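The figures that follow rest on heavy atoms only: side chains count, while hydrogens, waters and symmetry mates do not. Just so it is clear, the structure is predicted and the values come from calculations on it, not from any experiment. For this chain, numbers begin at 1 and follow the sequence in order.
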Amino acid sequence: MVLTPLVYWAQRHEEIYLRVELTDAQNIDVHVHENILHFRALGHGAKGQNQYDFSLEFLLPVKMEVAHRSTQRQVNVTVKKEQRGWWERLTKQERKPLYLAPDFDRWLDESDAEMEIREKEERRNRLKPSQKDEKGYISLKTGFLFTYNLVQFLGFSWIFVNMTIRLLVFSQDSFYDTFHTISDVMFFCQILAAVEVLNVAFGVVRTGLIPTLIQVVGRNFILFIIFGSLEEMQNKPVVFFVFYLWSAIEIFRYPFYMLRSFNTEWKILTWLRYSLWIPLYPLGVIAEAVALMQSIPIFDETNLFSITLPKAIGTSLSFSYVLYMYLILMVLGLFINFRHLYKQRRRHFRTKKRKAY
């Protein structure tokens, strides 16, 4: 009777990882023949100290070279795929062997794996000596990213500090003139934020285009359409909460990227960047939704941005219909961005945890 060990597997776009549960394995023989991996070793497994064997016919072609490393607890096997890609399963047969299971310690879905590759490329690029020439001058890209993030940090810091001082001095009265005292700097910062979309689109920064576009377009819609075009909205307290929550997020995000452009990290700043968004981002979306709901009666009354149809039809298309649709899109955008930010946080701290071990 052939004894098979427990085998756990995970994949990346270019490699297959196998973790064979054998303690103190000896006489290990691992090779690939005709796209079938053969494993044999003497070790302590589920059936005690015995000889254990298994074979796996892969779903797609793999390279002949196999790397393995034995520890006191397990044998780690790495197999390279013949062509880069994502497999829907490991084996050619649809029904997986009973001894095979996913390795959840290393398991990533396809999008997570793509982001892991991008992060590795970013780290590799940051470590390239070409970032600095022999005279020590900073590269154009590094200088541009540092300057952009510095300007945004100073802008949002001014907004946050100004609003905080006014709140302490004038209490609730500061709610009603936030737009008139802060809007010029907020307009500048949010117009400048369009650079972030261009950075992603042209590959200057490697991150998700859709989440970046959602945040920039969403904020500018609230700022220019809801607040900027309606004087009736400019004196409402909701403006204070929207601006305050936006700036509270950005005063930690931009200095994080300033340091990152020089491959530098402050642990407390990193933790704040990857943690504060958890309460602040949903609160910001709620504040934006409240502003949107408060603006709908005003748009209906003023007919601003409404489309007048021919007299034969005898009606017009109110802009409020667009706002109701936008409310639905805000919920979808919240889900997309929350998922994106959560993946960033989980991947970052999981990487740090692995390095600690």
Please verify the inter-ring angle class for [X] with [Y]; under 30° counts as parallel, over 60° as perpendicular, anything in between as tilted.
X	Y	answer
Phe262	Phe146	perpendicular
Phe224	Phe187	tilted
Phe227	Phe179	perpendicular

Nearest heavy atoms of [X] and [Y], plus distance in Å:
X	Y	answer
Ile191	Asn220	N-OD1, 4.4 Å
Val151	Leu192	CG1-CD2, 3.8 Å
Ser295	Leu230	CB-CD1, 3.8 Å
Ile16	Gln11	CD1-CB, 3.7 Å
Pro5	Val20	CG-CG1, 3.6 Å
Val238	Ala287	CG2-O, 3.4 Å

Expected output: side-chain [X] to main-chain [Y] donor-acceptor under 3.5 Å:
X	Y	value
Lys267	Trp271	no
Ser318	Ser320	yes
Lys141	Val204	yes
Asn35	Phe58	yes
Glu34	Ile36	no

Could you state the interatomic distance from [atom1] ([X]) to [atom2] ([Y]), rounded to the nearest 0.5 Å?
X	Y	atom1	atom2	result
Ile226	Ile298	CD1	CD1	9.0 Å
Leu317	Asn303	CG	CG	11.0 Å
Phe338	Tyr281	CZ	OH	9.5 Å
Leu6	Gln74	CG	CD	12.0 Å
His13	Trp87	NE2	CH2	13.0 Å
His31	Ile28	NE2	CD1	14.0 Å

Task: salt bridge (Lys or Arg N to Asp or Glu O under 4.0 Å) involving Lys96 - partner list, sequence neighbours excluded - done: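 Counting only residues at least two positions away or on another chain, Lys96 forms no salt bridge (Lys or Arg N to Asp or Glu O under 4.0 Å).
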Salt bridge between [X] and [Y], side-chain N to carboxylate O under 4.0 Å?
X	Y	result
Lys47	Glu21	no
Arg40	Asp29	no
Glu14	Arg84	yes
Glu250	Arg273	no
Arg166	Asp177	yes

- [ ] Please assess Glu196 against Tyr148 for the test side-chain hydrogen bond (donor to acceptor under 3.5 Å, both in side chains), listing each intermediate value before the final yes or no.
- [x] CA-CA 9 Å; Glu196 297 181 29; Tyr148 167 78; 2.7 Å; yes
Assess the pair [X] and [Y]: is the distance between their ring centroids shorter than 6.0 Å?
X	Y	answer
Phe104	Tyr8	no
Phe243	Phe160	no
Phe256	Tyr274	yes

TODO: Verify the cluster assignment for Phe221 and Leu327: are they in a single hydrophobic cluster under the rule of side-chain heavy atoms below 4.5 Å apart?
DONE: yes
Task: Val217 reachable from Phe188 in the ILVMFWY side-chain graph, under 4.5 Å edges - done: no
- [ ] Please determine, by modelled atom types, if Tyr342 and Gln344 share a side-chain donor-acceptor pair under 3.5 angstrom.
- [x]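 No - no donor-acceptor pair under 3.5 Å links their side chains.
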Open item on the list: Do Glu288 and Trp246 pair up side chain to side chain, a donor and an acceptor below 3.5 Å, judged on atom types alone?
Closed with: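 On atom types as modelled, these side chains qualify, holding a pair under 3.5 Å.
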Open item on the list: Going by side chain to side chain donor-acceptor pair (under 3.5 Å), name the pairs with one or both residues in residues 56-70, residues two or more places apart or in two chains.
Closed with: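 Sorted pair list comes back empty.
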TODO: Give every residue pair that meets the side chain to side chain donor-acceptor pair (under 3.5 Å) criterion with at least one member in residues 221-235, sequence neighbours excluded.
DONE: His180-Asn235
Task: Among Asn76, Val30, Leu56, side chain to side chain contact (heavy atoms under 4.5 Å, CB included) partner for Leu18 - done: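 So the option named by the test is Leu56.
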Task: Phe319 and its side chain to side chain contact (heavy atoms under 4.5 Å, CB included) partner, picked from Ile307, Asp300, Leu304, Ile225 - done: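 Running side chain to side chain contact (heavy atoms under 4.5 Å, CB included) over Ile307, Asp300, Leu304, Ile225 with Phe319 returns exactly one hit, Ile225.
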Above 12 or not: heavy atoms from other molecules or residues under 6.0 Å from [atom1] of [X]?
X	atom1	answer
Tyr321	OH	no
Arg73	CZ	no
Leu98	CG	no

- [ ] Carefully, step by step, assess Tyr254 and Ser157 under the rule side-chain hydrogen bond (donor to acceptor under 3.5 Å, both in side chains).
- [x] CA-CA 10 Å; Tyr254 284 115; Ser157 295; over 6 Å; no
